[in-house]
Amino acid sequence: MEILQGLKYSENHEWVRLEGKRAIIGLTDFAQEEFGMIVFVELPEAGDELQAGEPFGSMESVKTVTELYAPVSGKVIEVNRKLADNPGLINLSPYGEGWMIVVELTDPSDLERLWDADKYEATYVHE
């Protein structure tokens, strides 16, 4: 299992990679392992406004259906369309091709509430 340094993590298992005012968001490697093979993802549309802590979509795996929660507030500026035809990309490459959405941040202070890699690992990964 991989937990990348330099990303921010939510307690709901989303990761955030900041690139200027853009936040790329995906599901952590830990979460995709827990959920199993992902078979369907419902994501917002470009232009939708997200509020930190509020649901922005859902995901169905062979084990469960779960809501996805926005780790930051902002406007969706890009959606990973590849996931519509191949949601398993999240399993294969959670920090690469399996990213979900890109959000233009409206409140950069949202990032302060997220965890660094060490805290995420200490909280959820018990080896």
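All values derive from a computational prediction rather than experimental measurement.
- Note that the CZ atom of F56 and the CD atom of E42 stand 11.0 Å from one another [nearest 0.5 Å].
- With hydrogens and angles disregarded, no donor-acceptor distance shorter than 3.5 Å links the side chain of W15 to the backbone of Y9.
- If you take CG on D116 and NZ on K8, they are separated by 6.0 Å, rounding to the nearest 0.5 Å.
- Sequence neighbours left out, not one pair with a member in residues 55-77 passes salt bridge (Lys or Arg N to Asp or Glu O under 4.0 Å).
- In this structure, CG in L18 is found 6.0 Å from CG in L105, a value given to the nearest 0.5 Å.
- Listed for the S61 side chain is a donor-acceptor partner under 3.5 Å among the backbone atoms of F35.
- Residue E14 holds its CD atom at 6.0 Å from CG of L68, rounded to the nearest 0.5 Å.
- More than 12 heavy-atom neighbours from other residues, nucleotides or ligands sit within 6.0 angstrom of CD on E78.
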Tell me which donor-acceptor pairs under 3.5 Å the side chains of residues 88-103 have, and how far apart each pair is, sequence neighbours excluded?
unit_1	atom_1	unit_2	atom_2	d
N91	OD1	I38	N	2.8
N91	ND2	Q32	OE1	2.8
N91	ND2	G36	O	3.0
S93	OG	G96	N	3.4
S93	OG	E97	N	3.1
Y95	OH	E2	O	2.8
Y95	OH	D29	N	3.2
E97	OE2	K82	NZ	3.4

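- At least one donor-acceptor pair closer than 3.5 Å links the side chain of D110 to the backbone N or O of S73.
- Here the CG-CD1 distance, from N80 to I25, works out to 12.5 Å after rounding to the nearest 0.5 Å.
- Residues V72 and L50 approach most closely at O-CB, 4.2 Å, considering heavy atoms.
- In this structure, Y120 contributes its side chain and L114 its backbone to no donor-acceptor pair below 3.5 Å.
- For the residue pair D118/Q5, the side-chain donor-acceptor check at 3.5 Å is satisfied.
- A distance of 11.0 Å separates CG in L27 from CD in E34, rounded to the nearest 0.5 Å.
- Ring-plane geometry between F30 and H13 is classed as tilted, the angle between the planes lying from 30 to 60 degrees on a 0 to 90 degree scale.
- E19 is listed as a side-chain neighbour of I24, based on a closest heavy-atom distance under 4.5 Å.
- Scored by the side chain to side chain donor-acceptor pair (under 3.5 Å) test, E45 finds R81 as partners (sequence neighbours excluded).
- Cluster annotation: Y124 is connected to M1 through the hydrophobic network of ILVMFWY side chains, with a link wherever side-chain heavy atoms come within less than 4.5 Å.
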